[in-house]
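What follows is a short report on a single structure.
The shown structure was predicted, so the numbers you read here are calculated from the model rather than taken from an experiment.
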Amino acid sequence: MNMEQSKIPQATAKRLPLYYRFLNNLNQQGKNRVSSKELSEAVKVDSATIRRDFSYFGALGKKGYGYNVEYLLGFFRSTLDQHETTEVALIGVGNLGTAFLNYSFLKNNNIRITKGFDANPEKAGTNIGGVPIYHIDELHEKLEGIRVAILTVPATEAESITEKLVNEGIEGILNFTPARISVPEHIRVHHIDLAVELQSLVYFLKHYPLDSKKK
């Protein structure tokens, strides 16, 4: 998606894959149209936000009719570049990395992990979930053409591995390590710290109970 061209807020951009996944499911079920209320209940985003998100792209629906599923799906497929397959490298083939290798991203989109890298020489030359595994020292030879990497290495190795990825032309990193890695301004990093997310969930359960719990 061309963010400069669309001029949409980043918060909206982050919700687009949610809309796309739900619309894809509806299309597979043979549904022709969907209301903003149905979308809201499915993706857990309020109707007003959905309408505002969609408004950035012009008239995508009609009042009293809702949204045409096939049209919306095609629109977001193009917006999210789903007509192209994006190859991703996985760095760190531990327990979490192995889980990613066994997960089929292609079920819902055109993102595919095509190569894995690990410092353990015993893992080099193996194949997990149909993905070939290489030694981390082979980054220079094997990473060509890949712009996105998932980082699942130990936190102590995150910074040095990130430097190597940047030097090899990686432009986007999904960081699953607790380390807050440093990258040049032209590199985009999304941090996903599972421990922090779990702590946040427990905190909200204790201090911000849902309405059903207040009765």
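Note: Asp46 CG to Ser36 OG = 10.0 Å, rounded to the nearest 0.5 Å. Between the CG atom in Leu73 and the CG atom in Asn68 there is a gap of 10.0 Å [rounded to 0.5 Å]. For the atom pair NE2 of His191 and CD1 of Ile173, the computed distance is 9.0 Å after rounding to the nearest 0.5 Å. In this structure, Asp118 CG and Thr126 OG1 are separated by 8.5 Å, a value rounded to the nearest 0.5 Å. Distance check: Leu18 CG to Lys44 NZ gives 12.0 Å after rounding to the nearest 0.5 Å. Between the NZ atom of Lys142 and the CG atom of Asp137 there is a distance of 13.0 Å, given to the nearest 0.5 Å.
Residue Glu171 places its CD atom among more than 12 non-hydrogen atoms of other residues, nucleotides or ligands, all under 6.0 Å distant. Counting non-hydrogen atoms of neighbouring residues, nucleotides and ligands closer than 6.0 angstrom, the CG atom of Asn95 reaches no more than 12 such neighbours. Within a 6.0 Å radius of CZ in Arg188, no more than 12 heavy atoms belonging to other residues, nucleotides or ligands are found. No more than 12 heavy atoms of other residues, nucleotides or ligands lie within 6.0 Å of CD in Glu122, so this atom counts as exposed by the packing criterion.
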Next on the checklist: Pair Leu72, Tyr19 - check side chain to side chain contact (heavy atoms under 4.5 Å, CB included), show working.
Outcome noted: CA-CA 9 Å; Leu72 269 188; Tyr19 301 146; over 6 Å; no

Item to check | Pair Leu39-Tyr67, side chain to side chain contact (heavy atoms under 4.5 Å, CB included): steps then yes or no | outcome: CA-CA 10 Å; Leu39 272 172; Tyr67 301 99; 4.3 Å; yes

Next on the checklist: For Val43 and Ile50: C-alpha separation, side-chain torsions, deciding distance, then whether side chain to side chain contact (heavy atoms under 4.5 Å, CB included) applies.
Outcome noted: CA-CA 10 Å; Val43 300; Ile50 291 175; 4.2 Å; yes

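Below 30°, between 30° and 60°, or above 60°: for Phe75 and Phe57 the angle between ring planes is above 60°, a perpendicular geometry. In this structure, Phe76 and Phe54 have tilted ring planes: the angle between them lies in the 30° to 60° band.
Annotation: side-chain hydrogen bond (donor to acceptor under 3.5 Å, both in side chains) contacts of Thr98 (sequence neighbours excluded): none.
No continuous path of hydrophobic side-chain contacts links Ile128 to Val153 [ILVMFWY only; heavy atoms under 4.5 Å].
Among the candidates Leu96, Val131, Ile113, the single residue satisfying the side-chain contact (heavy atoms from CB on, under 4.5 Å) test with Leu90 is Ile113. When each of Ile91, Thr152, Leu151, Asp193 is tested with Phe176 by the rule side-chain contact (heavy atoms from CB on, under 4.5 Å), just one qualifies, namely Thr152.
Counting Ile, Leu, Val, Met, Phe, Trp and Tyr side chains that sit under 4.5 Å apart, directly or through other members, Val196 stands alone, with no cluster partners.
The minimum heavy-atom distance linking Arg33 with Glu38 is given by the pair O-OE1, 4.4 Å.
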Enumerate, atom names and distances included, each donor-acceptor pair closer than 3.5 Å involving a side-chain atom of residues 163-170, sequence neighbours excluded.
{"unit_1": "Asn167", "atom_1": "ND2", "unit_2": "Glu163", "atom_2": "O", "d": "3.2"}
{"unit_1": "Glu168", "atom_1": "OE1", "unit_2": "His140", "atom_2": "ND1", "d": "3.1"}
{"unit_1": "Glu168", "atom_1": "OE2", "unit_2": "His140", "atom_2": "ND1", "d": "3.2"}

